[in-house]
Amino acid sequence: ECGGGVFHVLSYHTCKTYNIPILDRGIYVAQSGFSFGLQIPVSAVITSVAQKKVTSLSDFETALAGVPNKELSFEEKIGGDLENPAVFVA
């Protein structure tokens with residue numbers, strides 16, 4: 001949990017279903033919370049933060065810690081829906 005949001009490592013089964021290499025999996029957004037609110041929709045997948053690839057929760061935490069306050073913004077890399085989550089990079 002971070003900023004009221006709930007984040008998980010993209011599961012093995014989801015990677016297998018969508019043919020995503022397990023080493024390239026990102027962080028799944030279960031709930032965006034108040035810190036990320038409108039920037040990241042639920043079911044998105046975050047693959048990098050501040051040009052740092054994130055494949056684990058510790059990578060995500062470390063990358064977020066290195067970003068100055070109020071300077072984090074996300075760009076959608078690949079559109080998606082609940083069946084095919086959007087991929088976001090920061």
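Between V45 and G26 the shortest heavy-atom distance is CG1-CA, 4.0 Å. Nearest heavy atom pair, residue A30 against residue H8, reads CB-CD2, 3.7 Å. Contact between V42 and S32 at its shortest, heavy atoms only, is CG2-N, 4.4 Å.
A search for side-chain contact (heavy atoms from CB on, under 4.5 Å) contacts involving S11 returns H13, T14, not counting sequence neighbours. Not counting sequence neighbours, T62 has no partner by the side-chain contact (heavy atoms from CB on, under 4.5 Å) test.
Taking the six-membered ring wherever Trp is involved, the centroid distance between the rings of F7 and Y28 does not fall below 6.0 Å.
In this structure, K52 and D59 have side chains that are not in contact, with every pair of non-hydrogen atoms separated by 4.5 Å or more. Counting heavy atoms from C-beta outward, V54 and I46 have side chains that approach closer than 4.5 Å.
A donor-acceptor pair is defined here as one N or O able to donate and one able to accept, closer than 3.5 Å; such a pair exists between the side chain of R25 and the backbone of L10.
Annotation for V6: hydrophobic cluster partners, listed by chain and number, are none (ILVMFWY side-chain heavy atoms under 4.5 Å, direct or chained).
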Passes side-chain contact (heavy atoms from CB on, under 4.5 Å), I27 versus L57? Steps please. CA-CA 7 Å; I27 303 300; L57 291 174; 4.0 Å; yes
